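What you are looking at is a predicted structure, and each value in this text was computed from that prediction instead of being measured. All heavy atoms count here, side chains included; hydrogens, waters and symmetry mates do not. Order of appearance sets the numbers: ligands from 1, and atoms from 1 within every ligand. Count residues from 1 along the sequence.
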Amino acid sequence: MALKLKVPNIMCAGCGETITDSIHTMEPDAKVDVNVQDKTVTVDSAASEETIKQAIVAAGFTVEGYQQG
Ligand SMILES: [Cu+2]
């Protein structure tokens, strides 16, 4: 299941790495793709959207919404 999350406070590639690391802490097998320009995070994993959202929030970012794809 792929999820695309809008994370408006992504500012640079470093933010993307922080988010990716946080998601991998909870879901080591997740495929994470951060688009700094669009401020979106695409995650392909078996985890629920709530788990992914929590990982992003735990890293200090805000999730504005998500769509299942
Ligand atoms: Cu940054």
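- With sequence neighbours left out, the side-chain hydrogen bond (donor to acceptor under 3.5 Å, both in side chains) criterion links D21 to no other residue.
- In terms of the side-chain hydrogen bond (donor to acceptor under 3.5 Å, both in side chains) criterion, T25 has no residue partners (sequence neighbours excluded).
- Counting only distance, with no hydrogens or angles, the side chain of S22 and the backbone of T18 share no donor-acceptor pair below 3.5 Å.
- Under the side chain to side chain contact (heavy atoms under 4.5 Å, CB included) test applied with I10, the options T40, V34, T62 reduce to a single match, V34.
- With sequence neighbours left out, the side-chain hydrogen bond (donor to acceptor under 3.5 Å, both in side chains) criterion links T42 to no other residue.
- Protein nitrogen, oxygen and sulfur atoms, that is N, O or S, within less than 2.8 Å of the Cu ion (ligand 1) amount to 2.
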- Query: Going through the distances and angles, do T51 and M26 end up as a side chain to side chain contact (heavy atoms under 4.5 Å, CB included)?
  - Reply: CA-CA 8 Å; T51 301; M26 291 195 192; 4.2 Å; yes

